[in-house]
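Heads up: the structure comes next, in structure tokens.
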Amino acid sequence: MFKPFISANWKMNKNLEETVDFIKAFLPLTAGINDVDILIAPPFTSLSAAAGLLKGTNVKLGAQNVFYEEKGAFTGEISPAMLLSAGCTHVILGHSERRQYFHESDEIVNRKLKTARKNGLEVILCVGESLKEREDNKTFEVLDRQLSGSLGDGNLEGVTIAYEPIWAIGTGRTATKEQANEAHTFIRGWLKKHKEGAETVRILYGGSVTPENIASLMSEPEVNGGLVGGASLKPDSFAGIVTGARK
Ligand code: PGA
């Protein structure tokens with residue numbers, strides 16, 4: 001059985017002060033919970049301050065993006081080593097918003113994943129279909145393409161997969177637990193077919209996760225945790241998701 005993994009994805013929300021306020025309120029709500037892995041992923045500008053507050057606690061720190069080169073003339077980009085020195089252990093890659101608004105292809109995601117892993121960052125790799133693709137019965141085809149392109153010839157060590165159907169992100173329209181489990185089962189099967197060590201990879205569900213629906217989603221055998229956007233922005237709501245994920 002997998003230890004549940006609940007990650008916040010704050011996206012472009014919270015300045016420094018708001019980050020500090022959140023963490024100060026959140027830590028007491030989840031103190032002593034060690035049967036769930038908890039991660040928050042604030043914007044870059046909040047990482048260092050967050051790391052200071054999270055040190056020695058049960059909450060880990062991740063970034064929402066990283067560049068695929070190690071250093072050099074890449075104005076505006078952030079390297080894996082910078083994230084490590086800011087206190088991150090994880091990075092989220094391949095989020096649909098990055099794919100859509102910043103034109104990140106599977107090839108770019110793969111390059112980022114390789115550099116992140118080489119530097120020792122753990123990766124949460126996001127995959128998921130659009131509404132049109134689901135309606136056209138192309139969900140598995142899309143997942144196959146994204147998994148194979150993003151993972152490339154890399155191994156699964158230090159990788160968590162997040163299944164995030166785009167139509168469920170920020171829409172309040174959660175996938176049913178059966179839809180989530182069906183996609184996760186496909187992903188597990190794909191990993192087993194193509195990679196070593198697929199049994200140990202956690203597969204998170206993302207898309208309108210709330211304190212109200214997390215327990216039901218987690219009751220499915222292949223749902224090993226959640227990647228949470230909107231409902232991770234308030235300490236009590238995110239804490240409710242963490243406690244609801246305990247199996
Ligand atoms: P949401 O976002 O929980 O607001 O739907 C999830 C995500 O995009 O990771």
Side-chain angles (χ1 to χ4, degrees), residues 4-14 18-19 22 26 36-44 46-47 50 59-66 88 90-104 106 109 112-113 116 122-131 133-134 139 142-143 146-147 150 159-177 179-181 183-184 187 202-218 220 223-245:
F5 183 8
I6 298 294
S7 174
N9 171 15
W10 284 358
K11 311 190 179 184
M12 200 173 71
N13 292 293
K14 295 195 190 295
E18 291 162 340
T19 300
F22 176 99
F26 178 72
V36 177
D37 282 326
I38 310 167
L39 181 92
I40 62 169
F44 289 136
S46 289
L47 289 175
V59 180
K60 297 191 175 81
L61 186 65
Q64 301 170 23
N65 185 25
V66 73
C88 291
H90 288 67
V91 63
I92 298 169
L93 292 178
H95 192 280
S96 60
E97 286 150 17
R98 299 226 43 101
R99 292 175 187 267
Q100 183 182 348
Y101 302 127
F102 305 100
H103 313 293
E104 284 193 13
D106 289 322
V109 176
K112 292 185 169 190
L113 188 142
E122 296 199 29
V123 170
I124 299 176
L125 170 65
C126 304
V127 292
E129 81 288 358
S130 67
L131 185 58
E133 288 161 341
R134 174 160 282 265
T139 299
V142 171
L143 295 178
Q146 292 180 337
L147 288 167
S150 307
V159 175
T160 296
I161 307 288
Y163 169 62
E164 298 208 306
I166 297 169
W167 47 273
I169 295 177
T171 57
R173 185 179 163 191
T174 321
T176 64
K177 62 187 172 66
Q179 284 171 324
N181 198 60
H184 287 214
I187 292 169
R202 285 181 289 194
I203 306 174
L204 317 183
Y205 167 78
S208 299
V209 172
T210 64
E212 290 71 38
N213 61 27
I214 185 68
S216 156
L217 287 160
M218 293 293 296
E220 292 292 324
V223 179
N224 314 130
L227 181 57
V228 190
S232 74
L233 293 172
K234 293 218 167 77
D236 53 346
S237 156
F238 190 50
I241 293 173
V242 170
T243 42

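Each ligand, and each atom within it, is numbered from 1 in the order the structure gives.
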among protein heavy atoms, the one nearest atom 3 (O) of ligand 1 is G229 N, 2.8 Å
Please say which of T160, I203, D37 ends up in a side-chain contact (heavy atoms from CB on, under 4.5 Å) with N224. I203
Which residue in the set V123, L147, L204 passes side-chain contact (heavy atoms from CB on, under 4.5 Å) when paired with I161? L147
If I compare all heavy atoms of C126 with all of E164, which pair ends up nearest, and what's the gap? SG-OE1, 4.1 Å
Regarding ligand 1, does [X] bring an N or O atom to under 3.5 Å of one of the ligand's N or O atoms?
{"X": "V228", "answer": "no"}
{"X": "H95", "answer": "yes"}
{"X": "G170", "answer": "yes"}
{"X": "I169", "answer": "no"}

Those atoms of ligand 1 less than 4.0 Å from some heavy atom in [X]:
{"X": "G207", "value": "5 (O)"}
{"X": "N9", "value": "9 (O)"}
{"X": "G230", "value": "1 (P), 3 (O), 4 (O)"}
{"X": "A168", "value": "5 (O)"}

Hey, are K112 and E104 close enough for a salt bridge, meaning a charged N less than 4.0 Å from a carboxylate O? yes
Below 30° counts as parallel, above 60° as perpendicular, anything between as tilted: where do the rings of F22 and F238 land? tilted
Closest to atom 2 (O) of ligand 1 (judged by heavy-atom distance), picking from E164, E97, K11, R173: K11
L47/C88 under side-chain contact (heavy atoms from CB on, under 4.5 Å): CA gap, chis, key distance, verdict: CA-CA 8 Å; L47 289 175; C88 291; 3.7 Å; yes
